A.B. asks: 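Got a structure here, written out as structure tokens. Questions coming.
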Number of protein chains: 2
Amino acid sequence: MSKILLIDDDERLADLLTQYFEQHSLNLECSFTPSDGIARLNQDEFGLLILDVMLPEMDGFDLCKLIRKESDIPIIMLTARGEVMDRVVGLELGADDYLPKPFEPRELVVRIQNILKRTSHTRQNNKILNFDELVVNTDLRQALMSEIEINLTSMEYQLLELFALQPGKIFTRDEILNHLQGIEADVYSRSVDILVSRLRQKLKPMELIKTIRGTGYCFAGKIQ
Amino acid sequence: MSKILLIDDDERLADLLTQYFEQHSLNLECSFTPSDGIARLNQDEFGLLILDVMLPEMDGFDLCKLIRKESDIPIIMLTARGEVMDRVVGLELGADDYLPKPFEPRELVVRIQNILKRTSHTRQNNKILNFDELVVNTDLRQALMSEIEINLTSMEYQLLELFALQPGKIFTRDEILNHLQGIEADVYSRSVDILVSRLRQKLKPMELIKTIRGTGYCFAGKIQ
DNA sequence: TAGGATTTTTGACATATCTTAATGTATGGG
DNA sequence: CCCATACATTAAGATATGTCAAAAATCCTA
């Protein structure tokens, strides 16, 4: 699951989108200034960039041009000016798509998925996560324990992948619930606990999933 | 330079665009009815399709779906209804982009060039998909397992190709239904399940099709 | 175009998986 | 050391999925 960077000085929008994206298994990070945004781009690997046209420090168009010089990352521009010329200019700059504000989060997500589908023609991560005895292969959606495949249900696998992609990170139950497809996040249910319990059984004798009392869980594996 | 087909009953627009496109070295042909449009698509090779939503005979959305069943041609939808839901539906239908009327010819051209740029790379050269033991040849519409041809029915093959073109992608049953020819998507039927079941049998002993409970299926193969 | 062969769909039932409810167990504060 | 709270686990019920076999639809050949 590749990360997405938003560069926009509107903190309220950033919060809103971060939450909404989580529900759709998209990982959003936010920069409020162009300088911070560029710094992050250089530091981390992102799969897509969302760029506001109205920014402090510098114009979004210029920023787009600047980034395009150094990277092929897909860019979606957000613009308050709805005029045609602006939109065309955005596309000619090298942006992959634009969206006039205000917009529905849902439409942004659809456009993102559309672009990601096109750019990463195959949605393969090519990631093989190796934790000593345990190996998680994200291409094949399978986990091996001492070379032998563990029989995981789809939810169990998704949970394991979530953990394995960010070992050491503490996940709350809400985060886990939102990330798993086909879960009806009611008020509060024990589903996550039981899922964790089942996964622990199948991962025995390794004790990789730690409980963080009062918070959630954490995967204590060390990548080899 | 590949040809572009416009399906729209507005003859004035057709003339206007034909002229404008010529200035940009784009070759535009026009159909004024869906039936004529489909006939031309079958007859000739087009690089892109522009589709109006408001058409005689049938709805543009339905037409889009229909064409998408049989072809991967890039589609841009023109719509007079500017509402978000409509637009989203357009993209979810399998269209590659949309443009609300009225629009500037210049913007349409920019979008066309954008899409052609994107699609020209990925299309074509994916004729033989190689997954270790399994090889899918889209030219011959056949699949080989350890060098031996698997006897697949046409639906089984289509499903396999759909999967194989986007390994790792999770398909919902609806998506699968829409992609397969000759399936009348009723309210809900088990056809997809049974099709998957049959394909799994024939792909044995490889376990490439994973179930994503509550969502659909996913092809877990790694391209060699 | 009829009749047989193949393929797809439907309905029924088997199986797998998830959720809820209930009960047992660990943990930390007083 | 005990109690309150949070977590773990079990079992049973609810859904979703797998697959068989027969009916319906389609395709093919004569």
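What you see below is based on every heavy atom in this structure, not just the backbone, and it leaves out hydrogens, waters and symmetry mates. Reminder, nothing fancy here: chain letters follow the sequence lines and each chain counts from 1. Note that this is a predicted model, so its numbers are computed, not measured.
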A.B. asks: Between atom NZ in B:K210 and atom P in D:dT17, what is the gap in whole Å?
C.D. replies: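 Spelled out: NZ on B:K210 to P on D:dT17 is 17 Å.
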A.B. asks: Using whole Å, report how far CD1 of B:I194 lies from P of C:dA14.
C.D. replies: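 These atoms are roughly 16 Å apart.
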A.B. asks: Can a donor-acceptor pair under 3.5 Å be found between the side-chain atoms of B:R213 and the base atoms of D:dT17?
C.D. replies: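 Between D:dT17 and B:R213, which were checked side chain against base, a qualifying N/O pair under 3.5 Å is absent.
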A.B. asks: If you round to the nearest 0.5 Å, how far is CG of A:L199 from CD of A:Q201?
C.D. replies: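 The distance works out to 10.0 Å.
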A.B. asks: Specify the separation, in whole Å, of atom CG of B:N151 and atom C1' of C:dT7.
C.D. replies: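 In whole Å, C:dT7 C1' lies 12 Å from B:N151 CG.
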A.B. asks: How long is the line joining CE of B:M155 and P of C:dT6, in whole Å?
C.D. replies: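 To the nearest whole Å, that distance equals 19 Å.
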A.B. asks: Checking B:F163 against B:Y217 for the ring pair (Phe, Tyr, Trp, His ring centres under 6.0 Å) test, could you report, in this order, the C-alpha distance in whole Å, the side-chain angles of both residues, the deciding distance, and whether it holds?
C.D. replies: CA-CA 9 Å; B:F163 278 149; B:Y217 299 93; 7.1 Å; no
A.B. asks: Going from CG on A:L159 to OG on A:S154, what distance comes out if it is rounded to the nearest 0.5 angstrom?
C.D. replies: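 Result: 11.0 Å between the selected atoms.
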A.B. asks: Does the side chain of B:T153 get closer than 4.0 angstrom to OP1 or OP2 of C:dT6 through an N or O atom?
C.D. replies: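 So the side-chain polar atoms of B:T153 never come under 4.0 Å of the phosphate oxygens OP1 or OP2 of C:dT6.
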A.B. asks: Would you call A:R200-A:E156 a salt bridge at under 4.0 Å N-O?
C.D. replies: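 Between A:E156 and A:R200 there is no salt bridge, as every charged N stays at least 4.0 Å from the carboxylate O atoms.
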A.B. asks: With hydrogens left out and only the distance checked, is there a donor-acceptor pair under 3.5 Å joining B:R198's side chain and the base of D:dT19?
C.D. replies: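 No pair found.
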A.B. asks: Counting only side-chain N and O atoms of A:Y217, is one of them less than 4.0 Å from OP1 or OP2 of D:dA8?
C.D. replies: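 The answer is yes; a side-chain N or O of A:Y217 sits under 4.0 Å from OP1 or OP2.
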A.B. asks: For the ring pair A:F219 and A:F131, is the centre-to-centre distance below 6.0 Å?
C.D. replies: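 When the ring centroids of A:F219 and A:F131 are compared, they turn out to be within the sub-6.0 Å range.
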A.B. asks: For B:E156 and C:dT7, give me the distance from atom CD to atom P, rounded to whole Å.
C.D. replies: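 Going from CD in B:E156 over to P in C:dT7 covers 8 Å.
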A.B. asks: Phosphate oxygens OP1/OP2 of D:dA16: is one of them under 4.0 Å from a side-chain N or O of B:T211?
C.D. replies: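 Answer no for this pair, as no side-chain N or O of B:T211 is under 4.0 Å from OP1 or OP2.
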A.B. asks: Return no unless some side-chain N or O of B:R173 is found under 4.0 Å from OP1 or OP2 of D:dT17.
C.D. replies: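 So the side chain of B:R173 is within the cut-off, an N or O lying under 4.0 Å from OP1 or OP2 of D:dT17.
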A.B. asks: Quickly work out the B:Q201 CD to C:dT8 P distance and round it to whole Å.
C.D. replies: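 From B:Q201 CD to C:dT8 P: 15 Å.
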A.B. asks: Nearest-Å distance, CD (B:E207) to P (D:dT17)?
C.D. replies: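 So the two atoms are 18 Å apart, to the nearest Å.
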A.B. asks: Can you find a donor-acceptor N/O pair under 3.5 angstrom joining the side chain of A:R190 to the base of C:dT19?
C.D. replies: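 Under the 3.5 Å cut-off, the side chain and the base do not form any donor-acceptor pair.
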A.B. asks: Please tell me which of B:K202 and A:K202 maps to the more 5' nucleotide of DNA chain C, matching each residue to the nucleotide holding its nearest heavy atom.
C.D. replies: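 Whichever sits nearer the 5' end wins; that is B:K202.
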A.B. asks: Please report, rounded to the nearest Å, how far the P atom of D:dC7 is from the CD1 atom of A:I209.
C.D. replies: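 In whole Å, D:dC7 P lies 15 Å from A:I209 CD1.
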A.B. asks: Under 4.0 Å between a side-chain N/O of A:S197 and OP1 or OP2 of D:dT9, yes or no?
C.D. replies: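 So the side chain of A:S197 is within the cut-off, an N or O lying under 4.0 Å from OP1 or OP2 of D:dT9.
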